[in-house]
Amino acid sequence: MTSPLDDLARRLPGLRLLTEPGDLEHYGRDWTRRWTPAPLAIALPATPEEVQGIVRWANEHRVAVVPSGGRTGLSGGAVAAHGELVLSLERMNRVLGFDPADRTLTVQPGMPLEAVQAAARGHGLVYPVDFAARGSCSIGGNIATNAGGIRVIRYGNTREWIAGLKVVAGNGELLELNRGLVKNSSGYDFRQLMIGSEGTLGIVVEATLKLADPPPPAQTMLLALPDMDAVLAVFGLFRERLALQAFEFFTDVALRHVLAHGAQRALDGDHPYYVVAEFDAPDEVARDAALAVLGEGMEQGWIVDGTIAQSEAQAAALWRLREGITESLAPHKPYKNDVSVRIGAVPAFLHAMQALLAREYPQFEVVWFGHIGDGNLHINVLKPADLADADFIAQCEQVTKRLAATLKEHGGSISAEHGIGLVKRPYLDSTRSAAEIALMRGVRRVFDPNGILNPGKLFADD
Amino acid sequence: MKILVGYKRVVDYNVRIQVKPDGTGVVTDGVKLSANPFDDIALEEALRLREKGAADEVVVVGIGPADLTAHLRNGLAMGANRAIHVVTDEAVQPLTAARTLLKLVEKEQPGLVILGKQAIDDDANQTGQMLAALWDRPQATFASKVEIADGKAAVTREVDAGLEVIEAELPAVITTDLRLNEPRFIKLPDIMKAKSKPIDAIEFASLGVESHDHLKTTHYAAPPKRSKGVMVKDAAELVAALKQKGLL
Ligand SMILES: Cc1cc2nc3c(=O)[nH]c(=O)nc-3n(C[C@H](O)[C@H](O)[C@H](O)COP(=O)(O)OP(=O)(O)OC[C@H]3O[C@@H](n4cnc5c(N)ncnc54)[C@H](O)[C@@H]3O)c2cc1C
């Protein structure tokens with residue numbers, strides 16, 4: 001009897017397959033380090049037809065398939081720890097076309113976000129979704145997680161920028177969704193259903209992306225603030241008076257970690273909170289208006305100190321203070337929370353959270369940062385060096401239960417932008433009702449009747 | 001001692017330059033403009049010398065159109081005591097810039113002039129040397145370290161063979177290299193304060209500088225695109241391809 005893998009190799013003779021232990025480990029995990037990678041093998045298809053062939057094969061042999069992009073995911077969505085076939089899209093990484101009339105760029109799913117951005121700039125336009133993992137994450141992974149990032153305040157999430165998708169559904173059908181149409185009122189929009197489905201409904205094999213005009217020249221600033229109320233007050237002030245492109249915050253603890261990781265200090269002194277903000281500054285008038293706004297913030301005592309970048313190089317140095325946080329925390333094996341509430345609910349939620357964390361995590365170092373302008377907070381709990389991994393996670397999970405309850409009270413989400421994956425699976429019901437989850441399971445059965453795509457992610461299979 | 005610092009505005013180093021379709025220049029509309037990086041370094045060095053007590057006044061100088069004031073304000077916010085704005089709508093070539101600076105030097109009598117070794121728009125690398133010659137004072141170019149003592153500047157230069165230290169009698173002209181220092185971030189309160197620092201506007205025409213252009217730019221063009229590589233199957237094909245091109 002031939003093994004399933006031999007059968008796959010026989011059916012798709014050109015398919016690149018990897019089975020070396022080093023490859024299994026490399027492709028079997030994402031940025032989470034909680035699970036031991038144990039995939040069956042790694043398939044690196046080069047065409048949508050090969051992807052389709054793999055999915056059909058998987059259905060026949062009932063082999064689970066884990067779609068895999070850049071594996072920068074933070075929720076274990078691309079982890080293969082139970083003998084799955086990892087289907088990596090990294091070889092499908094080319095631009096397929098640019099349409100100047102539609103202002104769309106059609107790309108393969110394995111293209112790194114940064115390469116997509118560069119290709120858009122090559123046509124004098126921008127693909128505006130952006131965040132620190134740009135060099136390694138893939139556009140397919142961005143779509144599967146509905147990635148957000150640092151420009152959501154201006155441009156929204158990945159969802160806003162997808163004009164069309166080609167998808168191999170779990171049942172092996174190749175679907176062409178929305179075909180780049182601006183208007184299409186013809187029933188269920190499966191394109192939108194695919195976005196954020198974390199590889200549980202279909203595999204994105206091609207994406208048509210909307211592009212935007214480049215924003216006007218911006219100014220980037222770093223502000224130091226005395227407390228969280230000031231952060232929210234400054235956000236309110238800026239949102240009213242400046243054309244914001246980004247508004248991100250972090251704490252002194254976060255700053256300590258990025259500086260230790262080699263970032264350049266931009267302000268003297270220690271301050272509890274920092275904001276990196278970027279606003280349109282097309283001309284002198286706009287810059288003067290911004291200075292007036294900053295002056296008001298200082299007069300109110302909300303802004304204690306700050307700097308405005310004088311060059312793109314300085315702007316990059318300021319951004320590094322915010323964007324370098326995730327990487328600087330990695331050695332401390334952080335337990336990550338990525339939560340959101342409505343912008344209007346942020347103050348009340350924050351106060352509840354701060355009280356909860358002070359009560360429940362007094363023994364741990366907690367790092368706060370995130371996209372506060374979108375109501376999105378990243379709360380990272382760092383593992384004390386002398387605590388065993390499993391004990392640390394067990395203690396954190398206890399607190400997450402309470403955090404989830406607090407979120408539920410404030411109508412928030414347990415995953416703002418990283419996805420549910422394996423990490424947040426136990427808490428999905430804090431954000432989605434039992435009726436919703438039942439429908440989600442039903443939808444999954446329609447697209448993937450045998451449950452071969454990314455089983456166990458999002459919810460446990462029944 | 002007074003230090004005069006050249007402070008030119010250019011298209012930001014990190015902006016991808018685009019040539020105008022008609023080849024008459026590069027696109028500057030809607031493009032981020034910043035201080036020439038070497039001039040930022042020059043100003044930073046002047047400020048450090050003042051902070052160390054080697055100087056008591058730092059004056060930034062810009063030559064350009066009316067809206068250059070905003071740029072000069074940045075120099076003031078960074079810490080310069082005052083600014084001089086030579087107002088002209090014409091693009092200024094190195095010799096004209098050097099002659100203009102000479103006029104200001106004669107008026108201001110600085111103990112030191114610090115300029116960037118070059119501006120990243122035309123990469124001419126001439127103004128500092130020309131100014132030193134016109135002024136008939138020593139020049140220390142490509143400085144990576146500057147020390148002032150006893151009316152002299154000890155300047156370290158990065159040369160092919162290593163480091164060279166030269167001593168220049170003041171007044172002198174120093175031009176800055178990249179590794180001289182890391183320019184500071186401008187603090188918000190200083191930006192506010194800079195609004196009330198003085199900027200002297202001088203009409204270029206009033207200086208009596210001879211300014212006929214010695215060089216004429218005939219046209220601009222983007223670098224040719226690299227042609228796509230060709231994949232060869234094996235070594236034999238590679239050798240054949242190289243032979244065909246006459247490279248083997
Ligand atoms: C330093 C750092 C900063 C980050 N900042 C942000 C941020 O600001 N905002 C944000 O949203 N995220 C952020 N992330 C998380 C992560 O980068 C995003 O979730 C990203 O979208 C994942 O893309 P990826 O290609 O790495 O996906 P992977 O990790 O490979 O996969 C993620 C999920 O998508 C599925 N998938 C991948 N490709 C496909 C495909 N072609 N078809 C179907 N399913 C697929 C996988 O099965 C998995 O469920 C950050 C991560 C890091 C390391």
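Each chain gets a letter, A, B and so on, in the order its sequence line appears, and its residues count up from 1.
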Please say whether more than 12 non-hydrogen atoms of neighbouring residues, nucleotides or ligands are located less than 6.0 Å from NZ in B/K2. yes
Should we count CD of B/E90 as having more than 12 external heavy atoms under 6.0 Å? no
Is it the side chain or the backbone of A/I303 that comes within 4.5 Å of chain B heavy atoms, both, or neither? side chain
Quick one: which of A/P282, A/G306, A/A317 has the most heavy-atom pairs under 4.5 Å with chain B, could you say? A/G306
side-chain contact (heavy atoms from CB on, under 4.5 Å) evaluation trace for A/M221 with B/L188: CA-CA 9 Å; A/M221 56 189 162; B/L188 274 185; 5.8 Å; no
Could you list the residues that satisfy side chain to side chain donor-acceptor pair (under 3.5 Å) with B/T96, not counting sequence neighbours? none
Taking 3.5 Å as the threshold, show me the donor-acceptor pairs across chain B and chain A, one per line with distances to 0.1 Å.
unit_1	atom_1	unit_2	atom_2	d
B/D12	OD2	A/E312	N	2.8
B/K32	NZ	A/A218	O	3.0
B/S34	OG	A/Q310	O	3.4
B/N74	ND2	A/Q310	OE1	3.0
B/R184	O	A/Q314	NE2	2.8
B/I186	N	A/T307	OG1	3.3
B/I186	O	A/T307	OG1	2.5
B/K187	NZ	A/D305	OD1	3.4
B/K187	NZ	A/D305	OD2	2.6
B/L188	N	A/G306	O	2.7

Look up atom CZ in B/F185 and atom CG in A/L222, then write down how far apart they are to the nearest 0.5 Å. 8.0 Å
Tell me, side chain or backbone of A/A218 under 4.5 Å from chain B's heavy atoms, or both, or neither? backbone
